[in-house]
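Working notes, structure below.
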Amino acid sequence: MRNHTLVTTFILLGLTEDPKWQIVIFLFLFMTYVLSITGNLTIILLTLLDSNLKTPMYFFLQKFSFLEISLTSTCIPRFLVSIVTMDKTISVEACFTQLFAAFIFGIAQFFLLAVMSYDRYVAICRPLHYTTIMNNRACTLLFVSCCLIAVFAICPGVIVSLSLEFCDTIIEHFFCDYSPILKLSCNDTRFMQLLNFIFAIFILLMTLALVMFSYGKIISTILRFPSAQQQKKAFSTCSSHMIVVSISYGSCIFMYIKPSAEERIYLNKGIAILTLALAPVLNPFIYTLRNKQVKEALKDIIKKCTSATSK
């Protein structure tokens, strides 16, 4: 039986205890973090500065990049600092702040992916009504709604978590994730595990259903286009988003749709690296390399900066 002493700090074990591997992990995560911040900031700046990117699709892409930066910045910098300082402790308050901030940004991302799918549905299936439906006010309201839903969605978890007592301090992860924290609790957490399971089902599968519904309509509409060139162009506008959806949902469904906190944590660490470190790096490249408008905007900005510095 574990002691019911007051726990004020946790210890995050990280990814490995091997000093050599810690150097490799630090360099890898530092590089991916810098690339993710640079890539997503580039998209944000391009959508703000280039007049050709003032459309709903790029408005949502800008917000998605903002959420990517926020999510990766919630977890990765602190882990990098802990590797350098060798201080693995984190206060209970800071741990729960990190946990719920990551949940807010992550949930908002999933709802935003659903909104982005709806935007492509309107653009392809109802092109004559596109500017009317997806006006500036509607786009802003949709993004704000994604954020508000995320905040309200974590409220039950916040309220229940306030009553937890902890009998251990060692978290088998590199950031404060929900399942490893539940393992430390002195309380019976079966209800919370069930709540977490229902929560994950609702958020992930509901938003995925909305995405699949939108793309089902999109595909059926595209297949009715008379020319192959029109079909290719329509598919190209959606392909980047579909790749990002696959990465986001594939990793998180495996990570969070589990009825028990007693899972193989080492495998989850690898998936967390994919979600928090690799995906934010890949997404800007996916959207940039597969999008002519973004590439043209980037070239224009580079030309302007080059000409300005040469004067």
Side-chain angles (χ1 to χ4, degrees), residues 40 43-44 47 53-68 70-71 104-150 153 200-225 230-257 275 279-280 282-294:
N40 284 291
I43 288 179
I44 291 171
T47 54
L53 302 182
K54 300 292 184 182
T55 63
M57 183 175 80
Y58 296 109
F59 171 83
F60 292 127
L61 179 56
Q62 176 197 122
K63 303 308 178 189
F64 188 78
S65 292
F66 166 75
L67 291 174
E68 287 277 50
S70 302
L71 180 59
I104 287 172
F105 296 131
I107 293 166
Q109 270 190 335
F110 284 113
F111 278 97
L112 187 57
L113 285 172
V115 168
M116 292 167 79
S117 301
Y118 175 72
D119 170 69
R120 292 298 83 209
Y121 158 74
V122 177
I124 292 171
C125 302
R126 303 183 65 184
L128 298 178
H129 303 280
Y130 182 63
T131 54
T132 305
I133 296 172
M134 302 303 293
N135 56 62
N136 290 336
R137 184 172 179 273
C139 292
T140 303
L141 283 174
L142 284 169
F143 175 67
V144 171
S145 297
C146 291
C147 297
L148 288 176
I149 289 170
I201 287 281
F202 177 77
I203 298 296
L204 295 177
L205 296 190
M206 188 191 76
T207 53
L208 181 59
L210 293 172
V211 170
M212 291 177 69
F213 176 80
S214 295
Y215 275 105
K217 293 287 186 180
I218 288 169
I219 291 168
S220 65
T221 301
I222 290 173
L223 292 176
R224 291 198 297 268
F225 286 178
Q230 283 180 309
Q231 291 180 356
K232 184 179 178 182
K233 185 178 179 181
F235 273 121
S236 68
T237 63
C238 303
S239 58
S240 299
H241 184 250
M242 291 173 74
I243 293 169
V244 172
V245 165
S246 301
I247 294 170
S248 300
Y249 281 95
S251 58
C252 282
I253 284 175
F254 185 84
M255 225 173 134
Y256 288 111
I257 296 187
T275 306
L282 294 175
N283 293 346
F285 287 103
I286 291 168
Y287 279 112
T288 303
L289 296 176
R290 299 182 63 86
N291 192 299
K292 289 182 180 180
Q293 281 183 293
V294 175

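Worth knowing before you read on, the calculation uses all heavy atoms, side chains too, and leaves out hydrogens, waters and symmetry mates.
Residues Cys147 and Ala108 share a closest heavy-atom pair of CA-CB, 4.4 Å. The two atoms that bring Leu112 and Cys146 nearest to each other are N-SG, 3.6 Å, heavy atoms only. Nearest heavy atoms, Ala150 versus Ile104: CB-O, 3.3 Å. Residues Ser214 and Tyr121 approach most closely at CB-CB, 4.1 Å, considering heavy atoms. The minimum heavy-atom distance linking Ile133 with Ala138 is given by the pair O-CB, 3.3 Å.
Scanning for side-chain hydrogen bond (donor to acceptor under 3.5 Å, both in side chains) contacts around Ser117 gives an empty result, with sequence neighbours left out. A search for side-chain hydrogen bond (donor to acceptor under 3.5 Å, both in side chains) contacts involving Gln109 returns Glu68, not counting sequence neighbours.
Side-chain contact between Thr207 and Leu113 is absent, with no heavy atoms from C-beta onward closer than 4.5 Å. The closest side-chain heavy-atom distance from Leu204 to Leu208 is not below 4.5 Å. Within the 4.5 Å cutoff, the side chain of Phe111 has heavy atoms near those of the Met206 side chain. Side-chain contact between Arg120 and Ile218: present, with at least one pair of heavy atoms (C-beta onward) separated by less than 4.5 Å. No side-chain heavy atom of Tyr130 sits under 4.5 Å from any side-chain heavy atom of Asn135.
Taking CD1 of Ile203 as the reference point, atom CD1 of Ile107 lies at 5.0 Å (rounded to 0.5 Å). Annotation: the span from Thr131 atom OG1 to His129 atom NE2 amounts to 9.5 Å, rounded to 0.5 Å.
Listed for the Asp119 side chain is no donor-acceptor partner under 3.5 Å among the backbone atoms of Val115.
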Would you tabulate the side-chain donor-acceptor contacts of residues 55-65 under 3.5 Å, counting partners in other chains and residues two or more places apart, or write 'none'?
| residue | atom | partner | partner atom | Å |
| --- | --- | --- | --- | --- |
| Tyr58 | OH | Asn291 | OD1 | 3.0 |
| Tyr58 | OH | Asn291 | ND2 | 3.1 |
| Tyr58 | OH | Gln293 | OE1 | 2.9 |
| Gln62 | NE2 | Thr47 | OG1 | 3.1 |
| Ser65 | OG | Asn40 | OD1 | 3.3 |
| Ser65 | OG | Leu61 | O | 3.2 |

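The aromatic rings of Phe105 and Phe66 sit perpendicular, their planes meeting at an angle over 60°, well past the 30° parallel limit.
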Check your understanding: Can Leu67 and Phe143 be said to form a side chain to side chain contact (heavy atoms under 4.5 Å, CB included), step by step?
Key -> CA-CA 11 Å; Leu67 291 174; Phe143 175 67; 4.3 Å; yes

Review point. Can you list the steps and then say if Lys217 with Ile124 is a side chain to side chain contact (heavy atoms under 4.5 Å, CB included)?
Key: CA-CA 9 Å; Lys217 293 287 186 180; Ile124 292 171; over 6 Å; no

